[in-house]
Colleague: 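If you scroll down you'll find the structure; I have some questions about it.
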Number of protein chains: 2
Amino acid sequence: MLPKKPAEFELEDADTADAAPPLDQSVLLSLVGYNCRRAYITIMPLFEKRMAKFELRPVDFTVLSLLKANPNINQKRLSKAINVSPPNLATLLDRLEQRDLVMRQRNPQDRRSQTLVLTTAGMRMCVKAEKTAAELEEKATEALNDAERAQLITLLQKIFISSL
Amino acid sequence: MLPKKPAEFELEDADTADAAPPLDQSVLLSLVGYNCRRAYITIMPLFEKRMAKFELRPVDFTVLSLLKANPNINQKRLSKAINVSPPNLATLLDRLEQRDLVMRQRNPQDRRSQTLVLTTAGMRMCVKAEKTAAELEEKATEALNDAERAQLITLLQKIFISSL
DNA sequence: TATTGTTATACTCTATAACTATA
DNA sequence: TATAGTTATAGAGTATAACAATA
């Protein structure tokens, strides 16, 4: 990610070189939303790269992790929790079910709904993926010490806590 | 966003009601990336709603604000700064130019590149939009006091500062 | 009549390849 | 040959409408 030939930049025309004086982003950098997005798009490629070995996208990891912690929830609750529309969740679950990672079973009490559980394989993959995610955490937030990381998470959660 | 009939929830079956016991998200909530995303998708709909009256998407606002602070940059530098590929930036700028908000002008020193500036109308809209964004800031971060908001921004920037 | 979930489809965003014009 | 920008297109992600099954 870092420039590979920093020493050469000074030899180039500052007005046309790629490493020209950094842009003034002071207004944007004063907005929490912009900073959240920048931090998010810095972390996500690292996360996606590590999840690729499990063939899991971030949203797939989210589903597995939620099903591990909340077995037997139905699709409606899961849909709301992860902000994925029911039609899109249906196809997402189709893929995970075809890979034998999750199971849908009709709820005998209300046969309209389906309860979701991880298969044994799904549970095993989820445990490994969560371990990988925890390791990534350290890499992604290496500029922060433990107290700062905890503080950051606390502050972010204050913004969306009412929607949990 | 808040439930409209909270009193009724207790009358419903806790296992099937929409307001059933909140999901256990403890693993996900320990990840900075997940928290960034949740905070981001909490703030953005508010932001988009307020920018709609200017017919600006978030990325359009970003472009206008950067051109206001950095007149005469070329598309390559803008492309890198906002993480939008050159082809997609071209069509984005087509729209803004058709609306008479920005101007592209060939650089006489290197006629391959184009320098970008806001038009008078673009400048006027940008000033108003930035004011709106600043007002939204207070609403979006109402759960934080001034010190906390400043702290949050500082911590987020530590994550992506090396990519600036 | 309302709800859960599905299918089909459309729309937006993002990514890539091939091209023009300039250097 | 390399670079700035464009055009065209493909893909992923997201949103919506209409439907089946069940209550």
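Reckoned from all heavy atoms, side chains included, excluding hydrogens, waters and symmetry mates. Letters go in sequence order (proteins before strands), and every chain restarts at 1.
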Colleague: Please report, rounded to the nearest Å, how far the C1' atom of D:dA15 is from the CD atom of B:Glu48.
Modeller: 13 Å
Colleague: Looking only at non-hydrogen atoms, find the nearest pair between B:Lys158 and A:Ala143 and report the distance.
Modeller: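 Residues B:Lys158 and A:Ala143, closest heavy atoms: O-CB, 3.3 Å.
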Colleague: Give the rounded distance in Å between these two atoms: CD of A:Gln105 and C1' of C:dG5.
Modeller: 16 Å
Colleague: Please name the pair of heavy atoms, one in A:Ile159 and one in B:Thr42, separated by the smallest distance, quoted to 0.1 Å.
Modeller: O-CG2, 3.8 Å
Colleague: Does a side-chain heavy-atom distance below 4.5 Å link B:Gln75 with B:Arg104?
Modeller: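 A side-chain contact under 4.5 Å exists here.
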Colleague: Find every protein N or O atom lying less than 3.5 Å from an N or O atom of nucleotides 9-16 of chain C, and list the pairs.
Modeller:
from   : atom 1 : to      : atom 2 : distance (Å)
C:dC13 : OP2    : B:Arg57 : NH1    : 3.2
C:dA15 : N7     : B:Asn88 : ND2    : 2.9
C:dA15 : N6     : B:Asn88 : OD1    : 3.0

Colleague: In whole angstrom, what separates B:Asp94's CG from D:dA8's C1'?
Modeller: 13 Å
Colleague: For atom CD of A:Glu138, is the number of surrounding heavy atoms from other residues, nucleotides or ligands below 6.0 Å larger than 12?
Modeller: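 No, because the 6.0 Å sphere around CD of A:Glu138 holds 12 heavy atoms or fewer from other groups.
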Colleague: Consider only side-chain N and O atoms of B:Arg50 and B:Thr132, and report whether a donor and an acceptor are under 3.5 Å apart.
Modeller: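 No, B:Thr132 and B:Arg50 have no side-chain donor paired with an acceptor closer than 3.5 Å.
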Colleague: Once you round it to whole Å, what is the distance between P of D:dG5 and CG of B:Leu92?
Modeller: 14 Å
Colleague: How sharply is the helix from C:dT1-D:dA23 to C:dA23-D:dT1 bent, taking the axes over five pairs at either end and rounding to 10 degrees?
Modeller: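 For the helix from C:dT1-D:dA23 to C:dA23-D:dT1, the axes at opposite ends meet at about 10°.
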Colleague: For the residue pair B:Phe61 and B:Phe47, categorise the inter-ring angle as parallel (less than 30°), tilted (30 to 60°) or perpendicular (more than 60°).
Modeller: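 Correct class here is perpendicular.
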Colleague: C:dG5 P sits how many Å from A:Leu89 CG, rounded?
Modeller: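 Interatomic distance, CG of A:Leu89 to P of C:dG5: 9 Å.
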Colleague: At less than 4.0 Å, is any side-chain N or O atom of B:Arg104 found next to OP1 or OP2 of D:dT6? Yes or no.
Modeller: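 Affirmative; the distance criterion is met.
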Colleague: So for atom CD, which belongs to B:Glu48, do other residues, nucleotides or ligands contribute more than 12 heavy atoms lying within a distance under 6.0 Å?
Modeller: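 Enclosed: over 12 neighbouring heavy atoms sit under 6.0 Å from CD of B:Glu48.
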Colleague: Please state how far atom NZ in B:Lys80 lies from atom C1' in D:dT3, giving the value in whole angstrom units.
Modeller: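 Rounding to the nearest Å, NZ of B:Lys80 and C1' of D:dT3 are 12 Å apart.
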Colleague: Using atom NZ of B:Lys76 as one end and atom P of D:dT3 as the other, report the distance to the nearest whole Å.
Modeller: 8 Å
Colleague: Please report the shortest heavy-atom distance between B:Lys68 and B:Cys126, naming the atom on each side.
Modeller: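 So the minimum-distance heavy-atom pair works out to CD-SG, 3.6 Å.
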Colleague: Assess whether atom CD of A:Glu135 is packed by more than 12 heavy atoms of other residues, nucleotides or ligands within 6.0 Å.
Modeller: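 Enclosed.
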Colleague: CG of B:Leu78 versus C1' of D:dT6: gap in Å, rounded?
Modeller: 16 Å
Colleague: Please report the shortest heavy-atom distance between A:Val63 and A:Leu93, naming the atom on each side.
Modeller: CG1-CD2, 4.3 Å
Colleague: List the steps, then state whether side chain to side chain contact (heavy atoms under 4.5 Å, CB included) holds for B:Asn35 with A:Leu152.
Modeller: CA-CA 9 Å; B:Asn35 286 281; A:Leu152 173 56; over 6 Å; no
Colleague: Got a list of protein N/O to nucleotides 21-23 of chain D N/O distances below 3.5 Å?
Modeller:
from   : atom 1 : to       : atom 2 : distance (Å)
D:dA23 : OP1    : A:Arg111 : N      : 2.8

